[in-house]
Amino acid sequence: MTAERVEEVTVELGPRAYQVLVGSSLLHLTGPRLASLGLRGRCGLVTSARVGALYRAPVEASLRAAGFEPTVVELPDGEEHKTLATLERLYDGLLAAGLERRSPLVAVGGGVVGDVAGFAAATLLRGIPILQVPTTLLAQVDASVGGKTGVNHRTGKNLLGAFHQPCGVIADVDVLRSLPRREYVAGLAEVVKYGLIGDPGLFALIERNLDALLRLESDLLVRVVAACVRQKAAVVAADEREETGARAVLNFGHTVGHGVEAVTEYRRYLHGEAVAIGMVAACRVSQALGLCAPGLVARVQGVLGRAGLPAELPAELRGPQLVAAMRTDKKVAGGKIRFVAIEDIGRTRLVELASSEIVNQL
Ligand SMILES: NC(=O)c1ccc[n+]([C@@H]2O[C@H](COP(=O)([O-])OP(=O)(O)OC[C@H]3O[C@@H](n4cnc5c(N)ncnc54)[C@H](O)[C@@H]3O)[C@@H](O)[C@H]2O)c1
Ligand SMILES: [Zn+2]
């Protein structure tokens, strides 16, 4: 028997600091949280059709009970709608609702809703507050924290955007129960990533309790999501605008992962699945460079495989196309890729490699 847990993580950013609440049954806190920040009156509730059908009502009720007058805007679901056109419709809805400079937005949804609503909040009336209520595992451990917002351009993902920190984040793990299984498992890849890049205790916890994690056991999920958020918060606090290089560690598994997504035209793998392949690849490259012990690859593959994630780069994807795709990834510096290698569970090291050097090791 354990009491229900709520964990609170602070993202230490001086005047832009904010709290991330991680727990279960938290949606009713949306209104009171915003009110406690001194906000009131009109607000925008941005969600998607699918997520709105499930969770709009309790959030709206909480806002009304706290004295807010919410205007709901539902965006279409899916990455293909993370566009300027969707953003413009969102502006239309929010401006028609008469939002003002201190009117907050509440974003209830996955990373797509969070990124689009975040960009609207960054730009509407030159910036209004936004509370993120992430509803996918990926959004809870990654997208909702850190202030990166934006939409895609037809020539590339996330090319239009801004840094705009939220005024708070409410991560309710209960909502993950309605996520399609595959989306949830893909999010677990990012969770494993946090263990690998900086938290051996988290990695061990996942290894020991993977079955319970796959059953979405509430207490465990709260612990695990909070551990991830704590790490993301620390990295963001050290490098808010991706300038010092500290934030680069979050890219572990993503060089090859992004390459795999690109060569399969974003159709075959969910992001987390490609990252799983990329993390195993990063371990292999690290081993070939003599940076980590040989047992690491198998251990990482073991966890990812048990979770139901792909843990091997399919042979047909190893080739010049992957080399080219990795070269166009935005993390390239001076023709080389700044590659996040791993020394041991919880310890990474940046190395500069040519993309062919990476692919040759796989
Ligand atoms: N801003 C950042 O720092 C950051 C970081 C990582 C990723 N991202 C962005 O996040 C996006 C991916 O986010 P995502 O993986 O959350 O995908 P998503 O927002 O597309 O959500 C995935 C699917 O799950 C559905 N869904 C969401 N919550 C649900 C719930 N609780 N129950 C049932 N269905 C639910 C959505 O409608 C959607 O169909 C990408 O656009 C990526 O660029 C941003
Ligand atoms: Zn990722």
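Side-chain atoms are counted along with the backbone in the values below, which use heavy atoms only and exclude waters and symmetry mates. First listed ligand is number 1; within each ligand, the first listed atom is number 1.
- Listed by chain and number, Glu190 OE2, His254 NE2, His271 NE2 are the protein N/O/S atoms closer than 2.8 Å to the Zn ion (ligand 2), with waters left out.
- Nearest-residue assignment for atom 10 (O) of ligand 1 (options Ser48, Gly111, Gly110; heavy-atom criterion): Gly111.
- Under the 4.5 Å side-chain criterion, counting only non-hydrogen atoms from C-beta, Val175 is not in contact with Val51.
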Worked check of side chain to side chain contact (heavy atoms under 4.5 Å, CB included) between Ile342 and Leu296:
CA-CA 9 Å; Ile342 184 162; Leu296 188 65; 3.7 Å; yes

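- For Gln19 and Thr10, the side-chain atoms include at least one donor-acceptor pair closer than 3.5 Å.
- In summary, the atoms of ligand 1 found under 4.0 Å from a heavy atom of Tyr55, numbered by their order in the structure, are 31 (N).
- Remark: side-chain polar atoms of Gln165 are paired, donor with acceptor, to backbone N or O of Gly146 under 3.5 angstrom.
- For ligand 1, the polar-atom distance check finds no N/O of Lys157 at less than 3.5 Å from any of the ligand's N/O atoms.
- Under 4.0 Å is where a charged nitrogen must lie from a carboxylate oxygen, and between Glu207 and Arg306 no such pair does.
- Between Val145, Thr135, Thr149, it is Thr135 that holds the heavy atom closest to atom 28 (N) of ligand 1.
- Protein heavy atom closest to atom 2 (C) of ligand 1, with residue, atom name and distance, is Ala143 CA, 3.6 Å.
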In a table with atom names and distances, give each donor-acceptor pair under 3.5 Å that connects a side chain of residues 30-41 to protein atoms at least two apart or in another chain.
{"unit_1": "Thr30", "atom_1": "OG1", "unit_2": "Leu27", "atom_2": "O", "d": "2.6"}
{"unit_1": "Ser36", "atom_1": "OG", "unit_2": "Arg33", "atom_2": "O", "d": "2.7"}

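- With Arg89 contributing its side chain and Leu75 its backbone, the two residues share no donor-acceptor pair below 3.5 Å.
- Contact record, Leu322 with Gly259: CD1-C, 3.4 Å, taken as the closest heavy-atom pair.
- A salt bridge links Arg16 to Glu240: one of the charged nitrogens lies within less than 4.0 Å of a carboxylate oxygen.
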Kindly determine whether Phe119 and Asp115 satisfy side chain to side chain contact (heavy atoms under 4.5 Å, CB included), including the steps that lead there.
CA-CA 6 Å; Phe119 192 41; Asp115 277 11; over 6 Å; no

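- Scanning the protein heavy atoms around atom 37 (O) of ligand 1, the nearest turns out to be Asp77 OD1, 2.2 Å.
- Checking side-chain atoms of Arg318 against main-chain N and O of Leu313 turns up a donor-acceptor pair under 3.5 Å.
- Residue contact check: Lys82 has heavy atoms under 4.0 Å from atoms 9 (C), 40 (C), 41 (O), 42 (C), 43 (O) of ligand 1.
- The residue from His254, His258, Glu79, Glu183 that alone fulfils the side-chain hydrogen bond (donor to acceptor under 3.5 Å, both in side chains) condition with His271 is His254.
- Residues Tyr18 and Cys167 are not in side-chain contact: their nearest non-hydrogen atoms beyond the backbone lie 4.5 Å or more apart.
- For atom 33 (C) of ligand 1, the nearest non-hydrogen atom of the protein is Ser178 O, 3.1 Å.
- Considering backbone and side-chain N/O atoms, Val112 comes within less than 3.5 Å of an N/O atom of ligand 1.
- Counting protein heavy atoms only, atom 26 (N) of ligand 1 is closest to Val51 CG2, 3.7 Å.
- Looking from atom 9 (C) of ligand 1 to the surrounding protein, the closest heavy atom is Asp115 OD2, 3.4 Å.
- Between the side chains of Tyr184 and Thr136, no donor N or O sits under 3.5 Å from an acceptor N or O.
- Close contacts between ligand 1 and Asn158 involve ligand atoms 43 (O) [criterion: under 4.0 Å to a heavy atom].
- When only interatomic distances are considered, the shortest N/O to N/O separation between Glu183 and ligand 1 does not fall below 3.5 Å.
- Interface of Asp142 with ligand 1, defined as ligand atoms under 4.0 Å from a residue heavy atom, comprises 5 (C), 6 (C).
- Donor-acceptor pairing under 3.5 Å is recorded for the side chains of Asp77 and Ser48.
- Here is the list of ligand 1 atoms found below 4.0 Å of a heavy atom in Thr136: 14 (P), 16 (O), 21 (O), 27 (C), 28 (N).
- The nearest protein atom to atom 40 (C) of ligand 1, hydrogens excluded, is given as Glu79 OE1, 3.1 Å; this is a heavy-atom distance.
- Below 4.0 Å from some heavy atom of Leu138 lie the following atoms of ligand 1, by number and element: 7 (C), 10 (O), 12 (C), 13 (O), 14 (P), 15 (O).
- For atom 24 (O) of ligand 1, the nearest protein heavy atom (residue, atom name, distance) is Leu179 CD2, 3.9 Å.
- Close approach to Arg50 involves these atoms of ligand 1, each under 4.0 Å from a residue heavy atom: 37 (O), 38 (C), 39 (O).
- Using a 3.5 Å distance cut-off with no hydrogens or angles, the side chains of Asn158 and Lys82 do pair a donor with an acceptor.
- Counting atoms of ligand 1 from 1 in the listed order, those under 4.0 Å from a heavy atom of Leu54 are 32 (N), 33 (C).
- Close N/O approach between Val175 and ligand 1 is found [any backbone or side-chain N/O within under 3.5 Å].
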